[in-house]
There are 2 protein chains.
Amino acid sequence: MHANALATSRSIHAPAMLTSHSFVRPQLLTYFAAEAEIYAQGEQSGPLYRIEYGAVRIYRLLGDGRRQVVAFHLAGETFGFEAGRNHSFFAESMVQTGLRVLDRPTGDQSPDLMALALRGMIRAQEHLLVVGRQNAVERVAAFLLDMMERQGDLDQVELPMTRIDIGDYLGMTIETVSRNLAKLRKEGIIRIPTSRNIEIVKPAALRRLCA
Amino acid sequence: MHANALATSRSIHAPAMLTSHSFVRPQLLTYFAAEAEIYAQGEQSGPLYRIEYGAVRIYRLLGDGRRQVVAFHLAGETFGFEAGRNHSFFAESMVQTGLRVLDRPTGDQSPDLMALALRGMIRAQEHLLVVGRQNAVERVAAFLLDMMERQGDLDQVELPMTRIDIGDYLGMTIETVSRNLAKLRKEGIIRIPTSRNIEIVKPAALRRLCA
DNA sequence: CGGGAAGTTGATATAACTCAAGGTAGGTGG
DNA sequence: CCACCTACCTTGAGTTATATCAACTTCCCG
């Protein structure tokens with residue numbers, strides 16, 4: 001179930017690069033093909049990553065293959081936080097992706113890192129509200145709004161993920177994702193030029209749906 | 001829906017108390033009656049709290065009153081982390097509760113604080129898997145296991161929360177909570193001496209249910 | 001002892017899932 | 001350059017898990 005075809009994980013380390021003003025020193029730039037594994041659950045946790053371009057999914061699996069995507073990360077965002085010595089989640093590129101490997105300051109003493117970690121926690125908890133208490137249309141609406149905001153509030157939203165990814169993020173099947181996108185389209189709230197490109201016609205209507 | 005009767009919020013500040021060895025200096029001990037508000041969504045965020053005794057729920061509301069409990073906190077645990085200047089959630093005592101107000105070191109530079117924040121994020125993301133991808137029995141089983149582990153793996157689990165709280169935590173109705181507790185009881189996996197006191201007869205069976 | 005909130009159980013309704021059949025689009029090889 | 005192939009997506013029909021509505025029970029607490 002939800003089998004993700006194994007990725008051709010060709011990652012190339014670019015020469016180290018240091019910037020003095022940044023709270024974490026970007027060093028290595030690493031390239032990932034689409035659908036490549038960045039790290040796996042159980043692996044020893046390593047550095048943080050900032051996405052230069054591309055998109056990443058963070059997920060976890062149940063024994064029978066059910067999958068929960070806990071987060072999508074887009075260009076400019078940082079991921080890789082872990083509580084323990086080992087990764088609790090899988091991270092995979094969804095499209096061709098360039099990551100900058102960040103060097104963690106010793107002792108995690110950066111207030112900026114703290115802020116990033118806290119923002120991650122808040123985002124997870126807000127997503128919990130969506131998944132736990134909203135119905136299918138509301139979830140899809142919330143997802144589209146989130147993607148729109150994170151892409152600069154443009155009315156054209158690019159979806160770097162498949163319907164399976166969206167379903168596993170929103171806790172529903174791909175059919176339900178598809179049906180509810182169609183519903184929003186029929187109501188004139190969105191247009192769907194291509195399956196990976198959504199035009200938000202009435203953002204206010206989407207916001208009203210999210211209660 | 002899910003109206004929670006307003007709380008008699010009598011909180012008394014005890015004299016300040018300092019300990020030198022702790023990474024955060026416990027200062028004030030504050031008492032809360034059952035069902036009292038500790039902080040509200042939108043309020044300016046303040047200190048962290050460590051629970052001396054009692055139990056706290058953290059939740060968020062939708063416009064129509066639907067509620068998602070994002071976390072329960074028990075004695076010994078720390079809560080109150082916020083990403084911005086204002087609280088994103090409500091915090092309420094569920095039973096009579098004593099909180100120690102913690103003084104945040106300037107700049108949030110403590111690695112221990114960071115660890116606590118990260119653990120909170122991981123816990124939220126793991127809960128996302130439960131709510132997003134598990135069915136009713138599995139959710140109830142996961143909840144009971146979690147409560148058991150956090151109470152020292154004793155087979156007697158005390159539930160400081162109502163069925164409404166459990167339902168709003170697991171993303172289901174109180175009837176479904178009740179029916180699935182009954183199901184586990186009929187299968188001999190748990191006993192229910194009183195509604196707030198569950199005996200875990202077969203912890204292995206619960207674990208098997210969580211896949 | 002009485003009243004009310006909390007919890008349980010039953011009957012029915014419904015939203016989302018499952019299974020199934022097309023449709024579409026992007027990539028590859030002839 | 002075109003046609004095929006495959007993966008992704010959409011739509012439809014029927015099923016099912018959970019919600020809803022309702023009645024009843026239990027347990028506090030005054």
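A quick note: this is a predicted structure, and the numbers were derived from the prediction, not measured. Note on naming: letters A, B, ... go to the chains in the order of the sequence lines (proteins, then strands), and numbering restarts at 1 for each one.
- Between the CG atom of L181(B) and the P atom of dT18(D) there is a distance of 14 Å, given to the nearest Å.
- Remark: D168(A) engages R133(B) in a salt bridge, criterion side-chain N to carboxylate O under 4.0 Å.
- The overall bend of the helix from dC1(C)-dG30(D) to dG30(C)-dC1(D), read as the angle between its terminal helix axes built from five base pairs each, is 40° when rounded to 10 degrees.
- In this entry the distance linking CD1 of I174(B) with C1' of dT25(D) reads 14 Å, nearest Å.
- In this structure, R66(B) pairs ionically with E138(A), as a charged nitrogen and a carboxylate oxygen lie closer than 4.0 Å.
- Centroid-to-centroid, the aromatic rings of Y39(B) and F90(B) stay 6.0 Å apart or farther.
- One can place CD1 of I192(A) at 15 Å from C1' of dA25(C), the figure rounded to the nearest angstrom.
- Per the geometry, CZ belonging to R185(A) stands 9 Å off C1' belonging to dT10(D), to the nearest Å.
- Among residues two or more places apart in sequence or in another chain, the salt bridge (charged side-chain N to carboxylate O under 4.0 Å, His left out) test is passed with E158(B) by none.
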I'd like a list of close polar pairs between nucleotides 15-17 of chain C and the protein, N/O only, cut-off under 3.5 Å.
from    : atom 1 : to      : atom 2 : distance (Å)
dA16(C) : OP1    : A136(A) : N      : 2.8
dC17(C) : OP2    : T173(A) : OG1    : 3.2
dC17(C) : OP2    : T176(A) : OG1    : 2.3

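- At whole-Å resolution of the value, CG in D64(A) and C1' in dT18(C) are 15 Å apart.
- Nearest heavy-atom pair, V69(A) versus Y59(A), reported as atom, atom and distance to 0.1 Å: CA-CB, 3.7 Å.
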Q. Does the side chain to side chain donor-acceptor pair (under 3.5 Å) test come out yes or no for H87(B) and Q41(B), once each step is laid out?
A. CA-CA 5 Å; H87(B) 283 291; Q41(B) 190 174 343; over 6 Å; no
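- In summary, R123(B) and D146(B) do not engage in a salt bridge, as defined by a charged side-chain N under 4.0 Å from a carboxylate O.
- Applying the salt bridge (charged side-chain N to carboxylate O under 4.0 Å, His left out) test between E77(B) and each of R100(B), R50(B), R150(B) identifies R150(B) as the sole match.
- For I164(A) and dT18(C), the CD1 to C1' distance is 15 Å, given to the nearest whole Å.
- One atom, CE of M161(A), and another, P of dC9(D), lie 11 Å apart when rounded to the nearest Å.
- Outside the 6.0 Å centre-distance limit, the rings of H73(A) and Y49(A) are not counted as a close aromatic pair.
- For R196(B), no side-chain nitrogen or oxygen approaches OP1 or OP2 of dT26(D) to under 4.0 Å.
- At whole-Å resolution of the value, CG in N197(A) and P in dC8(D) are 19 Å apart.
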